[in-house]
Amino acid sequence: MPLFFDLLGVFFFAVSGSLLAARRGFDIVGSFLLAGMTGFGGGIVRDLILGVVPTAFVNPFYFIPPAIATLLVYFVAPGVQRLVRPLLIFDAAGLALFCTSGTIKALEAGMNPFSATLLGVTSAVGGGLIRDVIANKTPSIFDPHDIYAVPAMMGSGLIAMLWMLGIRGWTWELGVTAVVFALRILSLKLDWRVPKAVGPWHHDTQLR
Amino acid sequence: MPLFFDLLGVFFFAVSGSLLAARRGFDIVGSFLLAGMTGFGGGIVRDLILGVVPTAFVNPFYFIPPAIATLLVYFVAPGVQRLVRPLLIFDAAGLALFCTSGTIKALEAGMNPFSATLLGVTSAVGGGLIRDVIANKTPSIFDPHDIYAVPAMMGSGLIAMLWMLGIRGWTWELGVTAVVFALRILSLKLDWRVPKAVGPWHHDTQLR
Amino acid sequence: MPLFFDLLGVFFFAVSGSLLAARRGFDIVGSFLLAGMTGFGGGIVRDLILGVVPTAFVNPFYFIPPAIATLLVYFVAPGVQRLVRPLLIFDAAGLALFCTSGTIKALEAGMNPFSATLLGVTSAVGGGLIRDVIANKTPSIFDPHDIYAVPAMMGSGLIAMLWMLGIRGWTWELGVTAVVFALRILSLKLDWRVPKAVGPWHHDTQLR
């Protein structure tokens, strides 16, 4: 069960990587590599911090999601104008799955709830951050036009809190995952924002 | 004591991250995240190489410096035009603290003095490098208008040399930290430079 | 013997880093640092995933290749117009050596052949990717005008296959290394390409 959800998260991020590769004019091998880096990135960082061999380098099945993602984008992508929206939707699904699974994995390894929340957020935002930095795009995580990390923070924190209260099991995890996904998608639809890094009394000053 | 200086180094780098986030127009969550990545980045790389769980994922107190840094920049930053200078000063303080503490931690883990110097420099420049790469800025480390890594190299090498001579203790460490900070700040004031990567006999050739 | 080839691979990547530093106008310290990051990058990622202390932080000899590379570019580089071609040639040599040695190291650590191939490719392309991301260049790995990762994938896969068949030894390894190098160089000369990430039926659509 955890393997299935982890592979699913890898797949969603991998599709977002392949779609960005398509927009950037990369070739099919570059698409597969960006899919792999986006899909594996967050999990590799998570596992290195936990001190275990990253799952993507243990189980050969992890090859499959980036391969399917690359073929899917190559054969099915219904036109380049529509590639922005699906990228964001697949990215949101990966974000939601990884924030839950990353927090659980950290808690199971014996981390305290604060650190587990931090690691959950790190593994959730890591893949997309690597994707955007490599493809030379302003990372989604820093786009001030919507909220990206806040749903992941809330989801990871909620999972850690439920865990401390003894409330566990995959139905709860799936519920939190769905909430994180919904919050992220709603923030895109409704342009939810949080205040800028500089307080409002500085906004008359010219930004560079 | 080491914990206090480590948290202080995290705080200085975190402020530099928050200030860059403000200049880039990120929101307050992006400011917190860039503060965290800048503050934790060098230490995470250092600890992964040493094979221990990164301190930021062990001790919940590490949440505090990026949070304070973000609030400080939001509430106190006295205007955006002046944000470049404080960014460099806070970054220099983080650089100085991390080059000393990183070298010591490597020596305590039993590394040879060469490798400990290398790891000290890596942990000193790592956070700022991650910050600049993520925020799409030419890394300070590669700015040819002043010196950045040289003070860290000198400081780490000096700490390793004193350690081999049996001269240890926090007063020495603090002294070296102050020297590194002073050298970095003086290089900014006085435009100290080192030669370009290509010898002077190539300078008539047009650079691309 | 493995140490010699590893140092040679570090040296080739280090030269490519120094040459890029020269083109970017970095100073000699930045050139040394970019040389080190390019030379050590792939091996550090490989060793962290394998759970061992990165070789560059164990053996002080690893200081030597980036130092020689930096001096070489400073004193010998015969003019800036010619810096693109040598960068690609040295990078290809590093790629070939690291894909072979990375796969062998993973197999010796007990990894399955699929994961060993993946780790070989990761360590082969890692250094160049770090170099290009840091110097703000589109990574060679994603340049659709030639093939970069394909020779590494073929080389790593071939090594893993030979290993499973019981065919080992440094003459075989050297042979595969030479084939990977030759394929990469031929792809540059002959403009070999693979299909774009988006299928041909989308090419009438305007790319952004």
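Proteins come first, then strands; the chains are lettered A, B, ... in the order of their sequence lines, and each starts at number 1. The basis for the numbers below is simple: all heavy atoms, side chains too, and nothing from hydrogens, waters or symmetry mates. Because the structure is a prediction, the values reported are computed rather than measured.
- The line from CG of A:N136 to OG1 of C:T138 is 6.5 Å long, rounded to the nearest 0.5 Å.
- In this structure the side chain of C:I141 reaches within 4.5 angstrom of the side chain of A:L33, judged on heavy atoms.
- Proximity to chain A is limited to the backbone of C:D143, based on heavy atoms less than 4.5 angstrom apart.
- If you measure heavy-atom distances from A:F40 to chain C, the contacts under 4.5 Å come from the side chain alone.
- Of the two parts of A:V58, only the backbone, made up of N, CA, C and O, holds a non-hydrogen atom closer than 4.5 Å to a non-hydrogen atom of chain C.
- Within the 4.5 angstrom heavy-atom criterion, no atom of A:L71 approaches chain C.
- Side chains of A:F26 and C:K196 form no contact here, defined as non-hydrogen atoms less than 4.5 Å apart.
- Heavy atoms of other residues, nucleotides or ligands lying less than 6.0 angstrom from CH2 of A:W172 number 12 at most.
- Side-chain contact check for C:F142 versus A:D27: every heavy-atom pair is 4.5 Å or farther apart.
- Proximity to chain C (any heavy atom under 4.5 Å) is shown, for A:Y62, by neither the backbone nor the side chain.
- Using a 4.5 Å cut-off between heavy atoms, C:P195 touches chain A through backbone and side chain atoms alike.
- The stretch residues 144-164 of chain C places C:P144, C:D146, C:A149, C:V150, C:M153 near chain A, each with some heavy atom under 4.5 Å from a heavy atom of that chain.
- Residues of residues 113-129 of chain C placed with any heavy atom under 4.5 Å of a heavy atom in chain A are listed by number as C:F114, C:S115, C:L118, C:L119, C:T122, C:L129.
- Only the side chain of C:V133 comes within less than 4.5 Å of a heavy atom of chain A; its backbone N, CA, C and O stay farther away.
- With a 4.5 Å cut-off on non-hydrogen atoms, A:L48 touches chain C through its side chain but not through its backbone.
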